[in-house]
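Before any comments, here is the structure.
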Protein chains: 2
Amino acid sequence: MSLRHAVLGLLAEMDGSSGYDLMRMFEVSLANVWGATQSQLYGELAKLTADGFIEVVEEGPRGRKAYGVTAAGREELRRWLTETAPKAVRRDEVLLRVFFLGLVTPEQREEYLRGRAAELAERQAGIEAVEEAVSWGEDDLSRYGRLVMEYGKRFMAMRREWMEWALRELEDPPTSAR
Amino acid sequence: MSLRHAVLGLLAEMDGSSGYDLMRMFEVSLANVWGATQSQLYGELAKLTADGFIEVVEEGPRGRKAYGVTAAGREELRRWLTETAPKAVRRDEVLLRVFFLGLVTPEQREEYLRGRAAELAERQAGIEAVEEAVSWGEDDLSRYGRLVMEYGKRFMAMRREWMEWALRELEDPPTSAR
DNA sequence: CAAGACATGTAAGAAGTTACATGATTGG
DNA sequence: CCAATCATGTAACTTCTTACATGTCTTG
């Protein structure tokens, strides 16, 4: 139930946001760590309201609802952060496919890895664009967002290096039984 | 629908496996790239059979069913590998929480990062145990499994380094506005 | 003969995806 | 005035998780 806490956390740091505001936040800053669709977000806002963790603090034009975290919501967030352990979900379709690369031709293997490397380069460019666009302040979200951003950079660099290594490995296999 | 293809791929490389066999395979070799529960696996086997992608090739003791991939299954696998693009799911609860580290005390922040680092060390030990236990041959699964294993090692090393960096960063913040 | 491994399944519910559906406000 | 952006929601479907349920074979 992490989407719930992602919403709660975001709202705790940006009180008075609307679903639409949060959606953009998910797109730019949270995209790399926890994705959410618009549909999911609005649904979760409704559930959080029903559960008393957030409330509508203001209604604006176009039906805009600004939400705020309640005391119960803050407590829930604290509980989540300090009393529950994150579970590592290990699901990576890119790597899953590497497992089965023996089922295609050598050309397709190489094409695959090169394609993924290209995607990575795109994402790297994307993260750098965000880094420049965002005005990094001294608020908590900026402070910890920077840590996450640095992680993203290291992650992508690591993957790229691995892909280059894997390509070399395919070219020149280290056979013990040549 | 990647679980489907994970099962199909595994079965393509290990024809005649049972649900139980595949389950263990998921636990040891696929655990880091695509997790699956027992329940999901048996369900998927039933669906794959209904769709004609796999078939029961033999029935053994204790109700054991050995499956084999059909021609249609092989074609589906090939199609998936060569004609569809993997989608990068970006969901990492460990990093999500880093985003909200401003909501807890400095002690809790440090405790959090140290705790994750400890978990990582455990996983690293686990992967090394698997590496030693598995008899790496020259078959495809071994060949490409080794690539994935190397990725896992690099991934964990990267995370560990990042955590150490983040801990230093928290201790001694790089404030532009001191 | 008992414990442990082998072996398969079902059911209920939570979470996530995709597509549809609608309408208001604002800036050029 | 029209296009873009703001803004919220619903419905159908798929996928994933957790828990329950049952029974067989092998080995010491």
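The sequence lines fix the lettering, A, B, ..., with proteins before strands; numbering per chain opens at 1. What you see below is based on every heavy atom in this structure, not just the backbone, and it leaves out hydrogens, waters and symmetry mates.
Distance CE (A/M1) to C1' (D/dT18): 14 Å, rounded to an integer number of Å. Atom OH of B/Y20 is separated from atom C1' of D/dC25 by 12 Å (rounded to the nearest Å). Rounded to an integer number of Å, the gap from CG of A/D21 to P of D/dC6 is 9 Å. What separates NZ of A/K47 from C1' of D/dG9 is a distance of 14 Å, to the nearest Å. Between A/Q38 atom CD and D/dT8 atom P there is a gap of 9 Å when expressed in whole angstrom units. Taking atom CD of B/E93 as the reference point, atom P of D/dT17 lies 13 Å away to the nearest angstrom. Rounded to whole Å, atom P of D/dT8 lies 11 Å from atom CD1 of A/I54. Per the geometry, OH belonging to A/Y42 stands 15 Å off C1' belonging to C/dC20, to the nearest Å.
Taking CZ from B/R146 and CE from B/M149, the interatomic distance works out to 10.0 Å, rounded to the nearest 0.5 Å.
Residue A/K65 is the one, among B/L3 and A/K65, whose nearest nucleotide of DNA chain D lies closer to the 5' end (criterion: closest heavy atom). Both B/G63 and B/V89 sit near DNA chain C, but only B/G63 has its closest nucleotide nearer the 5' end. Mapping B/S2 and A/K87 onto DNA chain D via the closest heavy atom, the residue that lands nearer the 5' end is B/S2. Two residues, B/A66 and B/R91, neighbour DNA chain C, and the one matched to the more 5' nucleotide by heavy-atom proximity is B/A66.
Hydrophobic clustering, with ILVMFWY side chains joined whenever heavy atoms are under 4.5 angstrom apart, groups A/W165 together with B/I127.
At D/dC6, one or more side-chain N or O atoms of A/R24 fall inside 4.0 Å of OP1 or OP2 (strictly under the cut-off). Between B/R64 and D/dC25 there is no side-chain polar atom (N or O) within less than 4.0 angstrom of OP1 or OP2. Put simply, A/R62 has no side-chain N or O that comes within less than 4.0 Å of OP1 or OP2 on D/dG9.
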**Prompt:** Between A/E111 and A/V104, is a side chain to side chain contact (heavy atoms under 4.5 Å, CB included) present by the stated rule, with each step listed?
**Reply:** CA-CA 11 Å; A/E111 194 195 332; A/V104 299; over 6 Å; no
**Item:** side-chain hydrogen bond (donor to acceptor under 3.5 Å, both in side chains) between B/Q108 and A/T82, worked out
**Value:** CA-CA 7 Å; B/Q108 286 172 325; A/T82 60; 4.6 Å; no
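At a cut-off of 3.5 angstrom, the base of D/dT10 holds at least one donor-acceptor pair with the side chain of A/S39. Applying the 3.5 Å distance criterion, the base of C/dT17 shares no donor-acceptor pair with the side chain of A/Q40.
Using a 4.0 Å heavy-atom distance criterion, A/R4 is classed as making no nucleic acid contact.
Here B/E27 does not pair with B/R24 in a salt bridge; the nearest charged N to carboxylate O distance is not below 4.0 Å.
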